[in-house]
Amino acid sequence: GENVEQHPSTLSVQEGDSAVIKCTYSDSASNYFPWYKQELGKRPQLIIDIRSNVGEKKDQRIAVTLNKTAKHFSLHITETQPEDSAVYFCAATGYQKVTFGIGTKLQVIP
Amino acid sequence: GAGVSQSPSNKVTEKGKDVELRCDPISGHTALYWYRQSLGQGLEFLIYFQGNSAPDKSGLPSDRFSAERTGGSVSTLTIQRTQQEDSAVYLCASSFGDFTNIQYFGAGTRLSVL
């Protein structure tokens, strides 16, 4: 089955700095890679996603890159703000199955 | 309703009792998913429904867990003879189409087994 590894598990950055979270997956058949943000006590919400036919996608301060050959994808947040503090989950999706990473707790220090 | 609705929001039960958790997906969404999130852990996929098709049960942790979806809409997750290790937040999500579409999550049911 699919195995998704996510790191780091915790990340602290100063406000205004960039944050990078990395995930690797094992199943080359996985073709959809969403990222979810979960604030404390709230439900996960999609922030960005990428499909296997694209190498990079950007939405304002958030970007995701995908390297299919190496089977890894990364989330990049620039100009971090205190409201970016949350747990971020990556996921790898294939046929009728989705596997989530363990999550990264991001703390943005004002 | 605009979003995925789950009930109850909190459930406290005694070890050995059965519990039922309910999920109302977004109207028109054909796919429905159940996940379990233990304290400080990631999301563990449990089961997936697509329309009226038979669900993929491979993610269910034991035969004490079962789920059904009536009329392609509302779903219930049933845990029989609950154990303390079943304590977690159970999240439901729905989407158009299949896994390769955006999933919208409910607020979850926090289950505590005493």
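To find a chain, count down the sequence lines: A is the first, B the second, and so on, and within it residues start at 1.
- Summarising the local packing, CD of Gln45(A) is surrounded by 12 or fewer heavy atoms from other residues, nucleotides or ligands at distances under 6.0 Å.
- A 6.0 Å sphere centred on CG of Leu40(A) holds no more than 12 heavy atoms belonging to other residues, nucleotides or ligands.
- Closest approach of Val98(A) to Tyr35(B), counting heavy atoms only: CG1-OH, 3.2 Å.
- In this structure, the portion of Val4(B) lying under 4.5 Å from any heavy atom of chain A is its backbone and not its side chain.
- Using a 4.5 Å cut-off between heavy atoms, Lys97(A) touches chain B through backbone and side chain atoms alike.
- Neither the backbone nor the side chain of Gln6(A) comes within less than 4.5 Å of any heavy atom of chain B.
- Of the two parts of Pro34(A), neither the backbone nor the side chain holds a non-hydrogen atom closer than 4.5 Å to a non-hydrogen atom of chain B.
- Heavy atoms only, all atoms of each residue included: Gly106(B) and Arg43(A) are closest at O-CB, 3.2 Å.
- The OH atom of Tyr36(A) sits 5.0 Å away from the CZ atom of Phe105(B) when rounded to the nearest 0.5 Å.
- With a threshold of 4.5 angstrom between heavy atoms, Tyr104(B) does not approach chain A through any atom at all.
- Residue-environment remark: CD (Glu79(A)) stays at or below the threshold of 12 foreign heavy atoms within 6.0 Å.
- The CD atom of Gln37(B) lies 9.5 Å from the CZ atom of Phe100(A); values are rounded to the nearest 0.5 Å.
- Contacts of Gln103(B) with chain A are made by both backbone and side-chain atoms, with heavy-atom separations under 4.5 Å.
- Here the CD1-CD1 distance, from Ile102(B) to Ile48(A), works out to 11.0 Å after rounding to the nearest 0.5 Å.
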